[in-house]
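The basis for the numbers below is simple: all heavy atoms, side chains too, and nothing from hydrogens, waters or symmetry mates. Numbers here are sequence positions counted from 1.
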Amino acid sequence: MITYLARRLAGVTGVLLAICAITFTIFYLLPADPAAAACGKTCSPERLAEVRHFMGLDQPVWRQFADYLVGIFAGRELGTEPHTLSCGFPCLGYSYENSLPVWELLTDRLPVSASLAFGAALMWLVLGLGAGITAALRKGTMTDRTLMIGAVATASLPVYFTAVMLLYGVVRVAGLLPYPEYVPLTADPAAWATNLILPWTALAVLYAAMYARQSRSSMIEAMAQPYIRTARAKGMPEPTVVVKHGLRSGLTPVLTIFGMDLGGLLAGAVITESIFGIPGVGRLFFDALQRSDQPVILGVTLLAAFFIVAANLIVDILYAFIDPRVRY
């Protein structure tokens, strides 16, 4: 197991370095000039050259990338004496639009995105797995067909359509809930949950439908295995057969997908946060795109890659515990 973990950690480190290099190169090749964006519309050529030097953009790309990597692990000083900015560990650059280090912006927004992601994930797991397992255990019945028709119908709805319909129907027409306005969990737990019900639902509807279909097919395949027939032949109660043997192997593929989906959501659900006005990482990314704030765009991209890779690593480790054959 230790060898397996070391091999996976080495692979994850290599993937993150490759993503960092590719992302940095792509942003370097883009025609947009971060120095011009930071300097403003009335910037003189002399001032633009000063800003470019201050941001380190007059250095070769390999030097900029090396400084960026060092900053992630050890922090760095941006600019030259006597005009320097201190960017502490881990330094993901400096947003000249917000006049703050990118890492500080991300850590301010991350709890908001985590609230959205974990709440939505809990909702779609309960709904999706419940519907999928029920449909699998009642394969071919009216219940199975009804659940799967509902899953196909909801999976075809884009999240922005569901979000707008929820706002129109629940908030504007019925008046059951106020327009969502994020409240920190520590300030008022009840208001926190009330204001996130609609964003959670908008995301959960889409993901629950996909998980229902995936878990149904996995459970049907698992329940047809010979060891299930053997367990039944031994007189084992049906609930024990389903929970102990069916769920363990049937939900393993779902676990892999769940890790990737949750990792992506932690880095920001751009559309959902923008529609509901939630000040999370996705909203930060959307605003940075509009302002061509490249350090923030690069920082959010790397954060998203980190969460997805980390979620895959956790899933692989759990997978190794469930099925020891994957360690080799």
Side-chain angles (χ1 to χ4, degrees), residues 1-35 52 55-79 85-96 100-110 113-114 117 256-270 281-282 284-285 288-289 292-320 326-328:
M1 188 65 184
I2 294 177
T3 304
Y4 174 76
L5 290 176
R7 195 166 62 239
R8 292 294 299 127
L9 285 173
V12 164
T13 304
V15 168
L16 286 176
L17 284 175
I19 292 173
C20 187
I22 293 171
T23 308
F24 195 90
T25 304
I26 290 174
F27 280 102
Y28 179 81
L29 295 175
L30 286 177
D33 187 353
R52 184 171 285 111
M55 298 173 70
L57 299 176
D58 55 348
Q59 299 294 322
V61 63
W62 66 266
R63 178 64 181 272
Q64 294 182 44
F65 181 63
D67 290 342
Y68 193 82
L69 278 184
V70 171
I72 292 176
F73 295 102
R76 58 187 289 203
E77 296 289 332
L78 298 168
L85 287 172
S86 179
C87 185
F89 158 82
C91 179
L92 294 175
Y94 192 88
S95 170
Y96 295 92
L100 285 172
V102 173
W103 179 248
E104 190 172 329
L105 289 170
L106 292 176
T107 51
D108 283 344
R109 305 295 187 96
L110 198 53
S113 291
T256 304
I257 302 171
F258 177 71
M260 296 183 65
D261 290 339
L262 184 60
L265 274 185
L266 278 174
V270 177
V281 176
L284 176 67
F285 182 77
L289 277 178
S292 298
D293 196 351
Q294 289 192 9
V296 175
I297 298 172
L298 181 60
V300 175
T301 304
L302 292 179
L303 184 72
F306 171 79
F307 277 129
I308 292 174
V309 172
N312 271 285
L313 176 64
I314 294 171
V315 168
D316 285 347
I317 293 173
L318 293 175
Y319 215 79
V326 303
R327 303 175 192 172
Y328 303 98

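Interatomic distance, Leu303 CG to Leu298 CG, rounded to the nearest 0.5 Å: 11.0 Å. In this structure, CG in Leu284 is found 9.5 Å from CG in Asp108, a value given to the nearest 0.5 Å.
Across all their heavy atoms, Val296 and Ala288 have their closest contact at CG1-CB, 3.6 Å. For the pair Ser113 and Gly282, the tightest heavy-atom approach, listed with the atom from each and the gap, is OG-N, 4.2 Å. Across all their heavy atoms, Ser95 and Leu105 have their closest contact at CB-CD1, 3.7 Å. What you find for Gly75 and Cys91 is that their closest heavy atoms are CA-CB, 4.1 Å.
By the side chain to side chain contact (heavy atoms under 4.5 Å, CB included) test, Asp261 pairs with Trp124, Tyr207, Tyr211, Ile257, sequence neighbours left out. Partners of Thr13 by side chain to side chain contact (heavy atoms under 4.5 Å, CB included), not counting sequence neighbours, listed by chain and number: Leu17. Residues satisfying the disulfide (SG to SG under 2.5 Å) test with Cys20, not counting sequence neighbours, are none. Scanning for side chain to side chain contact (heavy atoms under 4.5 Å, CB included) contacts around Val12 gives Arg8, Leu16, Val309, Leu313, with sequence neighbours left out. Remark: Thr301 pairs with no residue by the side-chain hydrogen bond (donor to acceptor under 3.5 Å, both in side chains) rule, at least two apart or across chains. For Arg52, the side-chain hydrogen bond (donor to acceptor under 3.5 Å, both in side chains) partners are Asp33, not counting sequence neighbours. Applying the side chain to side chain contact (heavy atoms under 4.5 Å, CB included) test to Leu289 and every residue at least two apart in sequence or in another chain returns Phe285, Ile297. Residues satisfying the salt bridge (charged side-chain N to carboxylate O under 4.0 Å, His left out) criterion with Arg76, sequence neighbours excluded, are absent altogether. Residues satisfying the side-chain hydrogen bond (donor to acceptor under 3.5 Å, both in side chains) test with Asp58, not counting sequence neighbours, are His53.
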Exercise. For Glu77 and Ser86, what are the C-alpha separation, side-chain angles and deciding distance, and is it a side-chain contact (heavy atoms from CB on, under 4.5 Å)?
Worked result: CA-CA 5 Å; Glu77 296 289 332; Ser86 179; 3.6 Å; yes
For residues 61-70, which side-chain donor-acceptor pairs fall under 3.5 Å, sequence neighbours excluded?
{"residue": "Gln64", "atom": "NE2", "partner": "Gln59", "partner atom": "O", "Å": "2.7"}
{"residue": "Tyr68", "atom": "OH", "partner": "Leu92", "partner atom": "O", "Å": "3.3"}

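Shown here is Phe306, whose CZ atom has no more than 12 heavy atoms of other residues, nucleotides or ligands within 6.0 Å.
The closest donor-acceptor contact from the side chain of Thr107 to the backbone of Glu104 lies under 3.5 Å.
Side-chain atoms of Leu110 and Phe307, non-hydrogen and from C-beta on, do get closer than 4.5 Å to each other.
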